[in-house]
Number of protein chains: 2
Amino acid sequence: MPGPIQSLSRAAAIMRLLAGGERRLGLSEVATALGLAKGTAHGILRTLQQEGFVEQDPESGKYQLGAELLRLGQSYLDVHELRARALVWADDLARAAGETVYLGVLHQQGVLVVHHVFRPDDTRQVLEVGSMQPLHSTALGKVLLAYDPVARGELNEGPLEGYTSRTLTELGDIDAECALIRERGWADAIEETWEGVASIGALIQDRRRNPVGAVCISGAVERVCEDGFVRPSLVASVRSAARAISRDLGAGRF
Amino acid sequence: MPGPIQSLSRAAAIMRLLAGGERRLGLSEVATALGLAKGTAHGILRTLQQEGFVEQDPESGKYQLGAELLRLGQSYLDVHELRARALVWADDLARAAGETVYLGVLHQQGVLVVHHVFRPDDTRQVLEVGSMQPLHSTALGKVLLAYDPVARGELNEGPLEGYTSRTLTELGDIDAECALIRERGWADAIEETWEGVASIGALIQDRRRNPVGAVCISGAVERVCEDGFVRPSLVASVRSAARAISRDLGAGRF
DNA sequence: CCACTTCGGTCGACAATGTCGACCGTCTGT
DNA sequence: ACAGACGGTCGACATTGTCGACCGAAGTGG
């Protein structure tokens with residue numbers, strides 16, 4: 001049966017639709033957005049609701065995502081092997097570098113943040129675990145682009161968004177940058193996504209040298225950079241953390 | 001069509017199964033655990049994998065939850081109205097009380113933590129957003145039990161687990177406690193789930209006075225309690241935060 | 001205050017759809 | 001080298017989800 005199960009694919013599309021639009025959606029909106037008959041959409045929504053993946057506002061009748069997704073998302077993190085092994089190294093890196101640390105994996109056309117260590121001694125920050133970062137303008141993303149053919153393939157899907165004046169939006173530029181990244185073994189992104197923010201990232205690979213994710217530090221450009229370049233000492237810290245995590249992953253099995 | 005969609009329910013069951021077992025599960029394990037034919041289970045797993053809800057370890061062939069769940073779970077939090085309005089109040093409460101703050105909603109047979117503010121000036125803590133707490137032995141849970149008939153109904157489903165010597169495991173005791181909670185307007189739980197931990201919770205309701213969630217503070221029993229009872233000043237802080245959030249929710253709509 | 005529209009939801013007929021169990025190649029451990 | 005278990009595929013069958021018409025309620029504009 002080499003075909004996806006129709007009702008499941010449709011249910012997934014509905015959930016993604018609900019996740020995308022910021023506000024709640026009505027039954028008819030869902031049905032027309034996906035080109036389904038109302039009855040069909042209702043059947044799927046009813047089941048999703050019953051399972052806790054979708055909730056319905058009892059008075060407006062509109063639908064939104066449900067709590068079970070949060071619970072399952074947490075379970076995903078609990079089982080995540082890369083994340084589990086990286087926890088302590090990420091902590092160390094944050095302390096040594098004095099900056100925010102992110103751990104990300106390739107997911108669809110972006111990098112999914114699976115771990116986030118706050119910058120030590122900093123004021124209030126919001127946890128970004130579960131959020132996505134663009135591939136072509138962040139240290140995490142560029143590392144994956146350079147080493148993971150799948151990630152590079154995702155880039156052909158659509159035009160590249162420019163976030164700041166320093167964002168690379170031409171595929172040729174990106175490929176050149178990737179070659180450089182592979183050569184020196186690390187990536188940086190200086191104000192390519194957010195003004196004032198610079199980041200340095202390095203690859204994490206499993207024992208078979210497959211790319212499985214990336215670590216990066218991220219912080220104010222004034223602290224991370226010096227004379228327009230990222231500080232070599234921070235690069236060394238990130239690379240050593242990435243190596244440590246990779247080694248840990250390799251040892252973990254058998 | 002008042003019946004759930006079979007394939008969807010089964011897919012949900014598979015995801016819950018994967019979330020429950022700590023380790024990855026093989027196709028046959030999944031199939032037998034749910035009483036499905038291997039072919040059927042495979043079809044569902046294949047679709048879930050394609051949609052990103054499930055991932056497969058390429059060399060062992062075992063399945064685990066997928067990254068898309070984390071992303072959707074995050075989207076759930078983004079849309080969550082109660083959480084959005086409570087963010088700032090929870091922060092204030094944590095600062096005023098000097099303790100950890102949790103915000104929870106009823107989900108299945110427990111309380112789902114939708115927000116978590118670390119105790120100020122404390123050392124490393126793990127974020128518990130997305131995790132579940134029992135209904136009958138935590139301040140969050142007991143508040144919901146006292147005010148939400150649905151929560152109370154869930155209690156009839158199975159026997160109550162005893163975590164410490166102070167856990168209430170008899171339905172009669174629980175109901176008496178709930179009456180007390182309703183009378184005085186707040187709940188506490190002193191070493192009923194974890195030794196050494198005490199918590200104080202209060203109800204959050206929407207503008208129509210429906211219970212929608214609960215806030216609590218939680219901390220070392222030595223700090224939260226005095227002479228065997230929770231400190232009245234902390235109770236006042238929690239209740240005032242709960243009122244503030246409820247008011248905020250009420251104002252939001254119209 | 002009443003048509004008129006649009007909403008969420010239900011119903012029943014139809015056939016497309018997912019399900020089942022046998023089967024295949026591979027790997028593992030004996 | 002064998003036996004068993006693994007993940008995965010295939011095709012027939014009928015169960016199952018789908019569709020479009022229909023319903024009452026709520027909202028809207030005249």
Side-chain angles (χ1 to χ4, degrees), chain A residues 1-18 21 23-66 79 81 206-208 210 253-254, chain B residues 1-18 21 23-66 79 207-208 210 253-254:
Chain A
M1 185 200 334
I5 292 182
Q6 189 186 47
S7 54
L8 261 182
S9 298
R10 287 172 168 180
I14 288 180
M15 287 194 279
R16 268 193 288 270
L17 182 68
L18 290 175
R23 73 186 202 294
R24 291 185 259 254
L25 260 44
L27 169 62
S28 305
E29 295 177 277
V30 171
T32 60
L34 299 179
L36 298 178
K38 261 195 308 184
T40 305
H42 178 61
I44 296 173
L45 280 168
R46 179 220 302 262
T47 308
L48 286 175
Q49 179 182 10
Q50 204 161 297
E51 302 290 346
F53 292 95
V54 150
E55 290 169 4
Q56 185 178 27
D57 182 14
E59 62 185 297
S60 70
K62 310 254 181 185
Y63 294 92
Q64 64 174 49
L65 292 182
V79 179
E81 187 178 351
D206 63 15
R207 81 215 152 291
R208 288 215 324 273
N210 289 118
R253 206 79 65 91
F254 66 119
Chain B
M1 187 197 338
I5 292 182
Q6 190 187 46
S7 55
L8 261 182
S9 299
R10 286 172 167 178
I14 287 180
M15 287 194 279
R16 268 192 289 269
L17 182 69
L18 290 175
R23 73 185 201 296
R24 291 185 259 255
L25 261 42
L27 169 62
S28 306
E29 294 177 279
V30 171
T32 60
L34 298 178
L36 299 176
K38 262 195 309 183
T40 306
H42 178 61
I44 296 173
L45 279 169
R46 177 218 302 260
T47 307
L48 287 175
Q49 179 182 10
Q50 203 161 295
E51 302 289 345
F53 291 93
V54 151
E55 290 169 3
Q56 185 178 27
D57 183 14
E59 62 185 295
S60 70
K62 309 253 181 186
Y63 294 92
Q64 64 174 46
L65 292 182
V79 179
R207 82 217 153 287
R208 288 218 320 274
N210 289 118
R253 203 84 62 95
F254 63 119

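First the proteins, then the strands, lettered A, B, ... as listed; each starts at 1.
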First locate atom CG of B/Asp57, then atom CZ of B/Arg24, and finally report the distance between them rounded to the nearest 0.5 Å.
-> 4.5 Å
Which heavy atom of A/Lys38 sits nearest a heavy atom of A/Leu27, and at what distance?
-> O-CD1, 4.0 Å
Whole-Å distance separating the CD atom of B/Gln49 from the P atom of D/dG7 = 13 Å
Go through A/Leu18 and A/Val54 one step at a time and tell me if the side-chain contact (heavy atoms from CB on, under 4.5 Å) criterion holds.
-> CA-CA 9 Å; A/Leu18 290 175; A/Val54 150; 3.6 Å; yes
Listed pairs, N/O of protein and of nucleotides 4-8 of chain C, under 3.5 Å:
{"unit_1": "C/dG8", "atom_1": "OP1", "unit_2": "A/Leu27", "atom_2": "N", "d": "2.8"}
{"unit_1": "C/dG8", "atom_1": "OP2", "unit_2": "A/Ser28", "atom_2": "N", "d": "2.8"}
{"unit_1": "C/dG8", "atom_1": "OP2", "unit_2": "A/Ser28", "atom_2": "OG", "d": "2.5"}
{"unit_1": "C/dG8", "atom_1": "O6", "unit_2": "A/Lys38", "atom_2": "NZ", "d": "3.4"}

With rounding to the nearest 0.5 Å, note down the distance linking CE in A/Met15 to OH in A/Tyr63.
-> 14.5 Å
Atom-to-atom span, CD of B/Glu59 to P of D/dC6 - whole angstrom = 18 Å
Which whole-number value in Å describes the distance from A/Ile44 CD1 to D/dG17 C1'?
-> 9 Å
Name the pairs: protein N/O against N/O of nucleotides 15-17 of chain C, kept only if under 3.5 Å.
{"unit_1": "C/dT17", "atom_1": "OP1", "unit_2": "A/Gln6", "atom_2": "NE2", "d": "3.2"}

Listed partners of A/Glu29 passing side-chain contact (heavy atoms from CB on, under 4.5 Å), at least two apart = A/Arg23, A/Leu25, A/Lys62
Whole-Å distance, A/Leu8 CG to D/dG17 C1', equals 12 Å
C/dT19 P sits how many Å from B/Leu36 CG, rounded?
-> 8 Å
When rounded to the nearest 0.5 Å, the distance separating CD1 of A/Ile14 from CG of A/Leu34 is 6.0 Å
Out of curiosity, B/Ser28 OG to B/Leu36 CG, how far, rounded to the nearest 0.5 Å?
-> 12.0 Å
Salt bridge (Lys or Arg N to Asp or Glu O under 4.0 Å) pairs, two or more places apart, involving residues 47-56 of chain A = A/Glu51-B/Arg16
Straight-line distance of A/Leu8 CG to B/Thr47 OG1, nearest 0.5 Å | 5.5 Å
Taken to the nearest whole Å, CD1/B/Ile14 to P/D/dG7 is 13 Å
Could you give the CZ-to-P distance, from A/Arg46 to D/dT18, as a whole number of Å?
-> 13 Å
Whole-Å distance, B/Leu48 CG to C/dG18 C1', equals 14 Å
Reckon A/Thr40 has a side-chain N or O less than 4.0 Å from the OP1 or OP2 of D/dC19?
-> yes
